[in-house]
Structures are given as C-alpha cells and as structure tokens.
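Note that the numbering runs from 1 along the sequence shown for the chain. This one's a predicted model, so the numbers in the text were calculated from it and none came from an experiment.
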Amino acid sequence: MLIDSHCHINFPDLAERLPDVLANMRQNQVTHALVIGVSRPKYPQVLALAEAHPNLYATVGVHPDDPDAEEYSEEELVQLAAHPRVVGIGETGLDYHWCKGDLEWQHERFRTHIRAAKRMQLPLVIHTRESAADTIRIMQEEHAEQCGGVMHCFTETWEVAEAALALGFYISFSGVVTFKNAKQVQEVAQKVPLERMLIETDSPYLAPVPFRGKTNEPAYVRHVAEFIAQLRGIPFEQVAQATTDNFFRLFAKAAR
C-alpha cells in the first residue's frame, strides 16, 4: 500500500487520461493520492476529483510563484478548508527561483495560509525553492508548529530538514531523490526518521528514474519508495507501510 502525497492530476497531461492514471495506481498498489490546489481557477477541478473518487483528497491554496495570482483571504481559505474532502492547506510557501525583487507579497501570501491552517487545525503543504532561510523564519514567526504539515518535494540541506522537523513537520521526497546528481537529497533521505517521511510524485513533473524526462503520474511513487528503501538498506514494505501510516497521521481528516 502506497500513497502519493502530492500530485496535480487535474493538469491537462493527466486529466485527459484519468481512467488510465487511476488504473495504473491500482496496478502499483498506490491506493490514495492527494491532489494539490495551486490557484483559484484550478481549485474547482481539484475538488471535483476528490468528490468523485473516494481515494483522492484535495488541498486548497495559491502557489507562491505567481505575483498576479488571484489571492484567497484567510477567511476564504478557512471556509473552503471546511469541506470534508479538503484535508490540508497549500501549496504555499516561498519561491525565489521564478520571482525576484520585493517579495513581501509572497511572504504575506504564505502568512495568510499559515494562519488559516492554524485556525482549521489542518496541515500545511509547503513549497520552498531557493528561499529556505526565509521559509523557516516565517514558519517560526507564525508558529506553524501549531498546525504542522509537510515540506513537499524536499531538495534542501539536512540543516533545513532539521529545522522543519523541529517544528513538527514531515519531509516528503519526490522522484528527484532517484536522480544520479541528487546527492544532497539522498543524504537527507537517509537521515530523516522513517516516522516523519512522506513520498510523492509532484506529477506530471519530476518523473523518477527509470521514467525521467517523461510525464510523471501517481503510480510512479512506487519507484520513489523502492529507491529510498534501497538507499536506507531496509525492505520496501517498511517504507511503504511507514509512509502510508504517516500520511494518515498527518492528514488526519483523510479516511483510509
């Protein structure tokens, strides 16, 4: 039993062949997937998937990489997150790769999501790219430990992982961990306590080896689990069981 804790199967590459995507999940024992909200216009697609399929869940949020994105207010996030199929808030966080200059708007967007998550007692799904110090600082200032969450598609140093773990967050690994040049991520994947680890695809992006460069999909999360098991020298079943248990512990609103 495996869970893809972060995917975008509402995106066109996957939505147009959804029956195949779901069938491939079943064939690979990927029993559940979390479909991530990234914008107001795309959110209805995300929620519709979670409403139509009992093994899919939704989050609500606005990704940090678009300065022109239509925002949610804290109250709107709270109201939308009350839906029974919405189990977390995000994708939120900071991204300094695509965005330059005065990024106070990005910081405020992040703070709004954290405050809504604390009010709803729902976990945050956090994106950080080239912005780790500020991401951790804002999490600390806003007391994100009061709601917890996951650092998704983790590619930072062990020191950043330690800071997130100290706030009660989980660390999620994507197909990046299987890449030959991803030594830093592999080091973190060896060190993170198994009881604080999640796995994901971030599909349709970042397909793991042996599918690197192709369209990713939730079924491929099996390759992430297999690689981490090999890396840590433990049985695949142990990684599968732990990451499944961790998912339902963190996203407690989700039903097995």
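- Nearest heavy atoms, L103 versus K100: CD2-O, 3.6 Å.
- For the atom pair R111 CZ and T92 OG1, the distance stands at 11.5 Å (nearest 0.5 Å).
- Between the side chain of R129 and the main chain of Y96, no donor-acceptor pair closer than 3.5 Å is present.
- Here the side chain of E217 pairs no donor or acceptor atom with the backbone of L14 at under 3.5 angstrom.
- For T178 (side chain) and G175 (main-chain N/O), a donor-acceptor pair under 3.5 Å exists by modelled atom type.
- Atom CD1 of I9 and atom CG of L18 lie 5.5 Å apart (nearest 0.5 Å).
- A salt bridge does not link R17 to D20: none of the charged nitrogens lies less than 4.0 Å from a carboxylate oxygen.
- Q184 contributes a side-chain N or O that, together with a main-chain N or O of E156, makes up a donor-acceptor pair within less than 3.5 Å.
- Annotation for M25 and N55: closest pair CE-ND2, 4.0 Å, computed over non-hydrogen atoms.
- Counting only residues at least two apart or on different chains, the side chain to side chain donor-acceptor pair (under 3.5 Å) pairs with a member in residues 189-200 are H152-E200, S172-E200, E187-K191.
- Under the 3.5 Å distance criterion, with hydrogens and angles disregarded, no donor-acceptor pair is assigned to the side chains of S174 and D202.
- With hydrogens and angles ignored, the 3.5 Å screen pairs a side-chain donor or acceptor of Q121 with a backbone N or O of K118.
- In terms of the side chain to side chain donor-acceptor pair (under 3.5 Å) criterion, R212 has no residue partners (sequence neighbours excluded).
- Taking E75 as the reference, R119 meet the salt bridge (charged side-chain N to carboxylate O under 4.0 Å, His left out) condition, with sequence neighbours excluded.
- The side-chain heavy atoms of D4 and C7, taken from C-beta on, include a pair separated by under 4.5 Å.
- Using a 3.5 Å distance cut-off with no hydrogens or angles, the side chains of H113 and E91 do not pair a donor with an acceptor.
- A cation-pi contact, defined as under 6.0 Å to the ring centre and within 45° of the axis, is absent between K253 and F248.
- Residues L206 and C153 approach most closely at CD1-SG, 3.5 Å, considering heavy atoms.
- A search for salt bridge (charged side-chain N to carboxylate O under 4.0 Å, His left out) contacts involving R115 returns E142, not counting sequence neighbours.
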Fill in: Candidate pair V125 and H6, rule side-chain contact (heavy atoms from CB on, under 4.5 Å), full reasoning
CA-CA 9 Å; V125 177; H6 192 114; 3.5 Å; yes
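- Remark: the backbone N or O of T201 is paired with a side-chain donor or acceptor of N216 at under 3.5 angstrom.
- Within a 6.0 Å radius of NZ in K214, other residues, nucleotides and ligands contribute 12 heavy atoms or fewer.
- Minimum heavy-atom separation, G93 to I126: CA-CG2, 4.4 Å.
- Residues passing the side-chain contact (heavy atoms from CB on, under 4.5 Å) test with E145, sequence neighbours excluded: H143, L167.
- Nearest heavy-atom pair across A163 and I136 is CB-CG2, 3.9 Å.
- Across all non-hydrogen atoms, the minimal contact from V188 to T157 is CG2-C, 3.9 Å.
- Scanning for side chain to side chain donor-acceptor pair (under 3.5 Å) contacts around T243 gives an empty result, with sequence neighbours left out.
- No side-chain heavy atom of L122 sits under 4.5 Å from any side-chain heavy atom of C147.
- Aromatic ring pairs are classed by plane angle as parallel below 30°, tilted from 30° to 60° and perpendicular above 60°; the pair F154 and F173 is perpendicular.
- One distance of note links CD1 of I36 with OG1 of T59; it measures 4.0 Å at 0.5 Å rounding.
- A salt bridge is defined here as a Lys NZ or Arg NE, NH1 or NH2 lying under 4.0 Å from an Asp or Glu carboxylate O, and R40 with E76 meets this definition.
- The shortest side-chain heavy-atom distance between L77 and V60 falls under the 4.5 Å cut-off.
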Name every donor-acceptor pair, under 3.5 Å, that has one atom in a side chain of residues 80-89 and the other anywhere in the protein, sequence neighbours excluded.
from: H83; atom 1: ND1; to: R85; atom 2: N; distance (Å): 3.0
from: H83; atom 1: NE2; to: E51; atom 2: OE2; distance (Å): 2.8
from: R85; atom 1: NE; to: A50; atom 2: O; distance (Å): 2.9
from: R85; atom 1: NH2; to: A50; atom 2: O; distance (Å): 3.3
from: R85; atom 1: NH2; to: H53; atom 2: O; distance (Å): 3.2
from: R85; atom 1: NH2; to: P54; atom 2: O; distance (Å): 3.1
from: R85; atom 1: NH2; to: L56; atom 2: O; distance (Å): 2.5

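- With rounding to the nearest 0.5 Å, the separation of CD in E104 from CD in E108 is 5.0 Å.
- Distance check, rounded to the nearest 0.5 Å: CG of L198 to OG1 of T244 gives 9.5 Å.
- By the side-chain contact (heavy atoms from CB on, under 4.5 Å) test, Q27 is found to be paired with N24, residues two or more places apart in sequence or in another chain being considered.
- Remark: of the listed residues I3, V30, V221, V221 is the sole one forming a side chain to side chain contact (heavy atoms under 4.5 Å, CB included) with I199.
- Looking at heavy atoms from C-beta onward, V150 lies out of side-chain contact with I171 at the 4.5 angstrom threshold.
- With values rounded to the nearest 0.5 angstrom, S5 atom OG is found 11.5 Å from M197 atom CE.
- Within the 3.5 Å criterion, the main-chain N or O of Q29 finds no donor-acceptor partner in the side chain of T31.
- When the ring pair (Phe, Tyr, Trp, His ring centres under 6.0 Å) test is applied to H63, the partners found at least two apart in sequence or on another chain are H127.
- In this structure, F179 has no ring pair (Phe, Tyr, Trp, His ring centres under 6.0 Å) partners at least two apart in sequence or on a different chain.
- Counting only heavy atoms from C-beta outward, the side chains of L165 and W158 approach each other to under 4.5 Å.
- The closest side-chain heavy-atom distance from Y43 to V38 is not below 4.5 Å.
- For residues 219-247, every residue pair satisfying the ring pair (Phe, Tyr, Trp, His ring centres under 6.0 Å) rule, not counting sequence neighbours, is listed here: F211-Y220, F211-H223, F247-F251.
- Listed by chain and residue number, V62, D66, R109 satisfy the side-chain contact (heavy atoms from CB on, under 4.5 Å) test with A69 (two or more places apart in sequence, or in another chain).
- With a 4.5 Å cut-off on side-chain heavy atoms, T135 and F110 count as touching.
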